[in-house]
Undergrad: 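Handing you this structure, nothing more for now.
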Number of protein chains: 2
Amino acid sequence: MPKRYSPDKKDINTEEKIKIAARSVFHKKGFVATRTRDIALEAGINLALLNYYFRSKEKLFDIIMAETLHTFVASLISVLNDESTSLQHKVEAFTKAYIEMLIREPEIPIFIMSEMHHHPDKLLARLNAKALLFESAFAKQYVQEFEKKNIAAMPMLQFLMNILGLTVFPFVASPLLKKIGNLSGNEFNALMKERIKRIPEWISLIMNPDAHP
Amino acid sequence: MPKRYSPDKKDINTEEKIKIAARSVFHKKGFVATRTRDIALEAGINLALLNYYFRSKEKLFDIIMAETLHTFVASLISVLNDESTSLQHKVEAFTKAYIEMLIREPEIPIFIMSEMHHHPDKLLARLNAKALLFESAFAKQYVQEFEKKNIAAMPMLQFLMNILGLTVFPFVASPLLKKIGNLSGNEFNALMKERIKRIPEWISLIMNPDAHP
DNA sequence: GTCTATATTTAGATAGAC
DNA sequence: GTCTATCTAAATATAGAC
């Protein structure tokens with residue numbers, strides 16, 4: 001991997017240009033459907049440079065995927081581990097952060113889910129997902145909340161399915177939903193912004209069915 | 001396309017063998033990642049026979065996709081258009097039918113969603129999805145219900161996102177969820193069966209926040 | 001209808017000039 | 001570092017024997 005010092009002005013160097021193009025094309029088409037020629041074209045560089053900088057299509061993909069996964073879980077982690085906020089606030093913060101991120105990068109969920117189905121081991125090997133959820137500040141609050149109320153807790157995994165299903169799924173199914181509702185991209189996004197307010201209310205109703213007279 | 005009369009015993013003819021294998025491989029790997037050789041091998045037939053019967057990989061794929069889409073919406077349609085059942089019952093019937101279907105064929109959602117993102121026009125061209133939802137018996141009941149209660153209805157699209165997100169999303173994210181929860185396939189399915197009971201309750205809470213003291 | 005052998009196309013990767 | 005030209009390895013599809 002060549003070093004670059006580039007104390008240059010504003011211009012982006014070649015390696016970065018390739019990564020930006022690769023991210024865009026991989027996210028849109030996935031690993032197998034992406035051709036290195038597509039990336040080179042999008043980056044405005046010569047095909048041979050891709051291998052010069054990244055050795056192979058797969059190594060380039062691994063880098064992009066690692067960064068994308070980080071984007072996908074980073075905001076989740078910071079929300080889950082903030083000791084200073086309430087459970088309800090965490091749900092609100094998560095929903096807002098996630099939907100805003102997904103409006104900016106709507107292809108990320110289908111990209112990750114799709115690649116995850118085709119190479120689960122490769123993608124999940126590093127992820128200590130169990131610790132991520134079950135050892136977070138969120139987890140402690142979650143069990144405390146239910147102990148306090150002395151009711152049977154919804155298993156945390158069911159909770160996770162609910163909040164991810166409500167926030168992430170519309171982006172996975174967006175082509176279908178746009179067709180059904182005859183929606184433009186902007187109209188779809190407006191519906192999703194509406195959900196930023198609604199989802200925490202719905203989650204609250206689901207988890208505390210007795211507390212809302 | 002060759003005709004076959006096959007008043008044969010129990011044995012399956014070659015065309016059907018190819019379709020069964022193609023469905024399995026396409027569902028698992030998607031269109032681009034599937035090689036015709038994989039299908040031939042899985043079907044136990046010669047590679048050339050695939051082209052003999054179906055002309056091309058793409059034509060075979062189109063047939064499989066049409067059938068898969070039919071599976072995916074058929075149970076939905078019959079539920080939505082049953083004039084004799086209540087709104088609540090429709091939600092219960094839908095949830096049960098869908099989750100049971102998805103336990104049998106868990107790759108269908110990621111398969112459809114993934115292909116839909118990559119060729120939205122091709123897949124959605126025929127589907128009169130708008131009529132499917134907005135002209136159903138379900139739609140009439142939906143607006144009536146809210147008029148009766150004299151409250152602002154949740155837009156039907158938001159309702160659709162909710163029920164699909166709660167039922168379908170876990171199957172899209174199953175590799176991630178299994179990893180996080182350290183679940184086997186059977187344990188995952190058990191959680192989903194639990195959701196058959198829970199989701200209609202949650203939907204009811206969300207849609208009628210005042211009716212549950 | 002089914003097979004073997006092969007033609008054609010495409011995409012990832014590299015050699016070597018500049 | 002960047003380019004042109006090319007090598008090599010797949011994978012779809014077909015020709016033609018049986």
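Within every chain, numbering begins at 1; the chains are lettered A, B, ... in the order of the sequence lines, protein sequences first and strands thereafter.
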Undergrad: Got a salt bridge between B:Glu194 and B:Arg198, using NZ or NE/NH1/NH2 to carboxylate O under 4.0 Å?
TA: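 A salt bridge is present here (some side-chain N lies under 4.0 Å from a carboxylate O).
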Undergrad: Tell me whether the centres of the aromatic rings in A:Phe171 and A:Phe188 are closer together than 6.0 Å.
TA: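 So the answer is yes for these two rings.
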Undergrad: Examine A:Lys57 relative to A:Phe31 and say whether NZ or CZ is less than 6.0 Å from the centre of the six-membered ring and inside a 45° cone about the ring axis.
TA: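 Positive - A:Lys57 is close enough to the ring of A:Phe31 and near enough to its axis.
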Undergrad: Would you confirm whether the ring centroid of B:Phe94 sits within less than 6.0 angstrom of the ring centroid of B:Phe138?
TA: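 No, the ring of B:Phe138 stays outside the 6.0 Å limit from the ring of B:Phe94, centre to centre.
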Undergrad: What does nucleotides 2-18 of chain C look like as a protein-contact string, B for base, S for sugar-phosphate only, - for none, at under 4.0 angstrom between heavy atoms?
TA: BBB------BBBB----
Undergrad: Is the ring centre of B:Phe26 less than 6.0 Å from the ring centre of B:Phe61?
TA: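 Between B:Phe61 and B:Phe26, which both carry aromatic rings, the centre distance is below 6.0 Å.
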Undergrad: Answer yes or no: is there an ion pair linking A:Lys122 with A:Glu58, defined by an N-O contact shorter than 4.0 Å?
TA: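 Yes, this pair counts.
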Undergrad: Would you kindly give the CZ-to-P distance between B:Phe54 and D:dA13, to the nearest whole Å?
TA: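 It is 13 Å, rounded to the nearest whole Å.
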Undergrad: Inspect the contact between B:Lys197 and B:Glu201 and indicate whether a charged nitrogen and a carboxylate oxygen are less than 4.0 angstrom apart.
TA: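 Not counted as a salt bridge, because no side-chain N and carboxylate O are separated by less than 4.0 Å.
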Undergrad: So, A:Glu92 and A:Gln88: side-chain donor and acceptor under 3.5 Å apart, yes or no?
TA: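 Judged by distance alone, the side chains do pair up.
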Undergrad: Between the two ends of the helix from C:dG1-D:dC18 to C:dC18-D:dG1, what is the bend in degrees, rounded to 10 degrees, where each end axis spans five pairs?
TA: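 Both end axes considered, the difference amounts to 10°.
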